[in-house]
Amino acid sequence: MKKHEVRKSSIHGNGVFAICDIKAGERIIEYLGEKIDKEESNRRGLANEEKAKETGGGSVYIFELDDKYDIDGNFEYNDARFINHACRTNCEAVNEDGTIWIYATRDIKKGEELLYNYGYALEHFLDHPCKCGFPECVGYIVAVEDRLKLKKLLKWKKPKHLRKD
C-alpha cells in the first residue's frame, strides 16, 4: 500500500508527505534508479549541479550505494528523490543488500512531510545550505556527527561583534 504523495514543500520545491499514519520502524518507500559506477556518478553529478545552477531546479538525485556504485534516482518513477533534508528528521535511509529503503524513525502523522538527513561531508558544507528552518538547524546539510564541528567553525568565522562568546 502506498503511504506517500509528492507535493509542494515549504522546505524546498517538492516534498514527500505521508498519506496515512506511519509507525516507527515501518518501511515507507524504495529509492529507485539506475545503478552506476562512481566515475559515471561523478560525471552526472557535476552535470546535474551545473544544470540546477542555471534553472534553479532540483540538483543531484544520486544516492551512495557502496564504495563502487551509486544509484541515480533522477527518474520520474522515483518519488523518493523528492524527500527533503532536514536537521530534524523522521526517516532514515537503509541499505539492504544493495537496495535503499526509507524507514520511519518515529511515528509519522498523516500529512507530515517525510524528512531525513542527507549527511553530506563537512569539507563541502558551503555548497549545501539547509533550508529546513527548524530551531536546531545548523544552516548547512552535514552529517549529524559533524554538526558540532560545523557550529564551532561557523562561530569563529563570524566577526567578533556578531559572536555569542
Side-chain angles (χ1 to χ4, degrees), residues 1-35 41 44-45 48-49 52 56-67 69-155:
M1 179 181 97
K2 189 173 173 180
K3 301 172 188 173
H4 71 279
E5 69 180 1
V6 176
R7 63 178 198 244
K8 292 292 178 199
S9 167
S10 62
I11 293 175
H12 181 257
N14 288 315
V16 179
F17 295 80
I19 58 172
C20 60
D21 289 347
I22 301 170
K23 294 283 184 203
E26 211 172 314
R27 184 190 277 183
I28 303 170
I29 184 175
E30 182 181 353
Y31 194 93
L32 300 168
E34 179 184 4
K35 185 176 177 180
S41 176
R44 289 184 191 184
N48 289 339
E49 210 170 82
S59 187
V60 180
Y61 301 107
I62 295 176
F63 207 108
E64 185 175 325
L65 192 56
D66 57 34
D67 290 340
Y69 297 100
D70 293 335
I71 295 176
D72 181 355
N74 194 17
F75 294 94
E76 196 171 302
Y77 57 79
N78 180 28
D79 287 352
R81 76 185 191 273
F82 295 119
I83 298 174
N84 282 313
H85 162 86
C87 294
R88 180 186 304 161
T89 64
N90 55 18
C91 295
E92 68 180 340
V94 177
N95 184 336
E96 293 181 356
D97 300 318
T99 302
I100 304 295
W101 287 96
I102 308 302
Y103 280 88
T105 56
R106 62 166 176 77
D107 290 348
I108 300 170
K109 296 286 184 201
K110 178 181 177 180
E112 198 175 335
E113 186 169 3
L114 306 181
L115 304 165
Y116 65 89
N117 186 326
Y118 291 2
Y120 292 151
L122 182 61
E123 63 256 19
H124 302 292
F125 76 91
L126 287 173
D127 296 333
H128 305 288
C130 181
K131 301 175 183 178
C132 75
F134 288 115
E136 61 268 43
C137 182
V138 293
Y140 296 92
I141 301 172
V142 297
V144 173
E145 58 271 16
D146 289 332
R147 286 184 184 163
L148 186 58
K149 287 184 221 170
L150 179 60
K151 284 180 181 180
K152 288 179 180 178
L153 179 66
L154 292 173
K155 178 180 178 183

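These numbers come from the heavy atoms of this one structure, side chains and all, not from hydrogens, waters or symmetry mates. Heads up: numbering here begins at 1 and tracks the sequence.
The NZ atom of K3 lies 12.0 Å from the CG atom of D21; values are rounded to the nearest 0.5 Å. Expressed to the nearest 0.5 Å, how far CG of L32 lies from CG of D72 amounts to 12.0 Å. Rounding to the nearest 0.5 Å places OH of Y31 at 8.0 Å from CD1 of I62. For the atom pair CD1 of I108 and CG of N90, the computed distance is 4.0 Å after rounding to the nearest 0.5 Å.
In plain terms, the two heavy atoms of D70 and S41 that are nearest each other are OD2-OG, 2.6 Å. Shown here for A104 and K23, the closest heavy-atom pair between the two residues is CB-O, 3.4 Å. The two residues F134 and A86 have their closest heavy-atom pair at CE1-CB, 3.8 Å.
With hydrogens and angles disregarded, a donor-acceptor distance shorter than 3.5 Å links the side chain of R147 to the backbone of C87. Looking at N84, its side chain does come within 3.5 Å of a backbone N or O of N14 through a donor-acceptor pair. Panel note: side chain N117, backbone C91; no donor-acceptor pair is recorded below 3.5 Å.
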Check your understanding: Should Y120 and I141 be marked as a side chain to side chain contact (heavy atoms under 4.5 Å, CB included) after you check the CA-CA gap, both sets of side-chain angles, and the distance that decides it?
Key -> CA-CA 6 Å; Y120 292 151; I141 301 172; 3.5 Å; yes
Exercise for review: Just do the side chain to side chain contact (heavy atoms under 4.5 Å, CB included) check on E113 and V16 with the steps written out, would you?
Suggested key: CA-CA 6 Å; E113 186 169 3; V16 179; 6.0 Å; no
Review point. Step by step, would you call H4 with D79 a side chain to side chain contact (heavy atoms under 4.5 Å, CB included)?
Key: CA-CA 9 Å; H4 71 279; D79 287 352; 3.0 Å; yes
Exercise for review: Step by step, work out the side chain to side chain contact (heavy atoms under 4.5 Å, CB included) result for I29 and I83.
Suggested key: CA-CA 10 Å; I29 184 175; I83 298 174; 4.1 Å; yes
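For residues 129-140, every residue pair satisfying the side chain to side chain donor-acceptor pair (under 3.5 Å) rule, not counting sequence neighbours, is listed here: R88-E136. Residue pairs satisfying the salt bridge (Lys or Arg N to Asp or Glu O under 4.0 Å) criterion with at least one member in residues 99-112, sequence neighbours excluded, are listed as follows: R106-E112.
Ring geometry, Y116 versus F63: the interplanar angle falls from 30° to 60°, so the pair is classed tilted. Between Y118 and H85, the angle of the ring planes goes over 60°, which puts this pair in the perpendicular group of the 30/60° scheme.
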Side-chain atoms of residues 94-102: list all donor-acceptor pairs with protein atoms under 3.5 Å, sequence neighbours left out, distances to 0.1 Å.
| residue | atom | partner | partner atom | Å |
| --- | --- | --- | --- | --- |
| N95 | OD1 | G98 | N | 2.9 |
| N95 | ND2 | L65 | O | 2.7 |
| E96 | OE1 | R27 | NH2 | 2.7 |
| E96 | OE2 | Y103 | OH | 2.4 |

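In terms of the salt bridge (Lys or Arg N to Asp or Glu O under 4.0 Å) criterion, residue partners of E34 (sequence neighbours excluded) are, by chain and number, R44. Listed by chain and number, the residues in a side chain to side chain donor-acceptor pair (under 3.5 Å) with D146 are K149 (sequence neighbours excluded). The salt bridge (Lys or Arg N to Asp or Glu O under 4.0 Å) search around E92 returns none, not counting sequence neighbours.
Taking 4.5 Å as the limit, every side-chain heavy atom of Y61 sits out of range of all side-chain heavy atoms of F75. Side chains of S9 and F17 form a contact here, defined as non-hydrogen atoms less than 4.5 Å apart. Put simply, the side chain of N78 does not reach to within 4.5 Å of the side chain of I71, judged on heavy atoms.
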